[in-house]
Amino acid sequence: MTRRTVVTMPGDGIGTIVLPQALRVLDAVGFEAEYVEAGIGWEHWINEGNPLPERTVELLATHKVGLFGAITSKPKDRAAAELKPELTEKGYVYFSPIVGLRQRFNLDVSIRPCITFPGNPLNFIRRGPGGTVEEPRVNAVIFRQNTEGLYAGVEWTNPPAALRRAMEQHPKFKPFANVPGEDLAISSRIFTRTACRRICEEAFAYADAHGYAHVTICEKPNVLRETSGMMVEEGREVQRRYPNIALYETNIDAQMMWLTKNPEDYGVIVAGNLFGDIISDGFAGLVGGLGFAASANIGTDVGVFEPTHGSAPKYAELDPPIVNPIAMILSATMMLDWLGETGKATRIRDAVAAVVAQGDVRTYDMMKLRGGPDVIAQGAATTTQMTDAIIAKLG
Ligand code: NAI
Ligand code: MG
């Protein structure tokens with residue numbers, strides 16, 4: 001077996017807490033790798049005016065696989081105010097380094113599995129007939145286009161004159177034609193056929209490999225005719241190659257209603273960037289929330305794996321740490337899957353499932369407690385104890 005090198009980017013806040021826990025589990029399962037740590041996040045912004053140092057980019061370009069914890073982002077003016085004094089006049093503008101990574105390496109496919117672990121007190125439940133309570137088993141895997149759409153960053157307040165003139169060619173722009181520039185904000189939703197095709201292909205290939213009977217495209221083509229329309233067109237095209245996998249089409253608004261009504265009806269779901277962001281959080285909320293939400297960012301040759309949660313600064317300084325490491329650990333299993341180490345990935349997921357099912361070791365979020373130092377006295381496991389329990393269950 002080749003020994004891999006994995007670039008670790010703990011980042012800020014609880015990213016620095018949960019990432020080392022994932023490495024403990026990877027070691028315990030027998031994954032052989034070298035780890036090189038690379039800087040990313042707020043410290044680098046303050047001290048270098050760049051939250052995504054070139055060295056980090058180079059390490060990823062070399063080693064192709066990264067584990068990422070979380071970063072802290074702040075609004076533009078707050079970011080500028082915290083910059084080291086000697087850097088303030090240099091014209092640095094803050095940008096999100098994880099969005100930067102997705103763009104630099106064209107990590108255009110985001111995968112976010114939202115799968116129920118039976119026994120998790122945070123699982124969605126609903127009332128059934130005759131006052132019964134049902135806990136539907138959710139098994140949804142969201143494929144989110146990760147680089148385009150409304151998050152591509154092509155936007156203006158007070159758009160340049162040439163752009164305004166071009167917009168005026170569109171009959172639907174009429175009601176906005178007399179709005180003063182400073183009162184007019186435009187964020188553009190850009191879809192390309194190549195990216196639509198790729199996210200749909202990845203979704204169908206995954207459904208095929210994992211035995212899902214259908215893929216749901218969740219967009220809004222009746223209103224967003226051009227962009228959503230293109231995604232649906234490509235989805236239908238790709239589906240022709242998978243006669244055994246049905247294609248369902250839903251609208252994002254209706255989907256948000258249905259996901260709490262009949263979440264068990266969904267399997268692989270594919271969507272553009274914003275809608276994929278929304279539905280993946282929606283489904284994550286049914287299976288444990290941020291403590292459980294894992295994700296992969298995958299390009300043609302680079303993969304970066306990260307929990308969905310952020311840096312949760314208010315919990316970063318607690319000693320012992322109390323945050324749930326499962327989202328990060330599950331993100332590491334997605335890395336193993338991507339590297340072809342599915343046996344080890346499955347062993348880790350089974351160990352997580354066993355700990356959750358047994359219910360003796362639960363972090364504060366699983367006990368529905370408000371986070372703080374006193375949760376330990378109330379019976380919550382520390383971050384490390386949760387990891388220990390998972391390692392103990394590795395078969
Ligand atoms: P957050 O995800 O950091 O935390 C929100 C709340 O979720 C926390 O206060 C905590 O109650 C809970 N939580 C998060 N992770 C948890 C875990 N592992 N275990 C248990 N509970 C957990 O989001 P927030 O507070 O909106 O943002 C904090 C910072 O993180 C901001 O600077 C934001 O910009 C950044 N952020 C970074 C992301 C990334 O690195 N990909 C994603 C989201 C936010
Ligand atoms: Mg989100």
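Both counts, for ligands and for their atoms, begin at 1 and track the order of listing. Source: prediction; values computed, not measured.
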Heavy-atom nearest option to [atom], drawn from [options]:
{"atom": "atom 3 (O) of ligand 1", "options": "P325, A312, A316", "result": "A312"}
{"atom": "atom 28 (C) of ligand 1", "options": "P97, A293, G41, P313", "result": "P313"}
{"atom": "atom 16 (C) of ligand 1", "options": "V18, I14, D365", "result": "I14"}
{"atom": "atom 23 (O) of ligand 1", "options": "P321, G15, G310, A70", "result": "G310"}

At the 4.0 Å heavy-atom cut-off, does S311 count as touching ligand 1?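 Right, S311 reaches ligand 1.
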Within-shell test, T308 vs ligand 1, heavy atom, strictly < 4.0 Å: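 T308: in contact with ligand 1 (<4.0 Å).
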May I ask you to check if ligand 1 and [X] share an N or O to N or O distance below 3.5 Å?
{"X": "K74", "value": "no"}
{"X": "T72", "value": "no"}
{"X": "S73", "value": "yes"}

What heavy-atom pair brings G69 and M328 nearest, and what distance separates the two atoms?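 The pair with the smallest heavy-atom distance is CA-SD, 4.2 Å.
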How does M328 reach ligand 1, by side chain, by backbone, by both or by neither, if only non-hydrogen atoms under 4.0 Å count?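 No part of M328 is near ligand 1 at this cut-off.
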Please work out whether any backbone atom (N, CA, C, O) or any side-chain heavy atom from C-beta onward of E306 is under 4.0 Å from ligand 1, and answer side chain, backbone, both or neither.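 Side chain only.
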Under the 4.0 Å line, does any protein heavy atom show up next to atom 9 (O) of ligand 1?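 So atom 9 (O) of ligand 1 has protein heavy-atom neighbours under 4.0 Å.
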R112 to F292 six-membered ring, cation-pi geometry met (6.0 Å, 45°):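 No, a cation-pi geometry is absent between R112 and F292.
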Before giving the answer on side chain to side chain donor-acceptor pair (under 3.5 Å), spell out for D265 and Y248 the whole-Å C-alpha distance, their side-chain angles and the decisive distance to 0.1 Å. CA-CA 11 Å; D265 290 355; Y248 297 157; over 6 Å; no
Enumerate the atoms of ligand 1 whose separation from the nearest heavy atom of V323 is less than 4.0 angstrom.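 Result: 17 (C), 18 (N), 19 (N).
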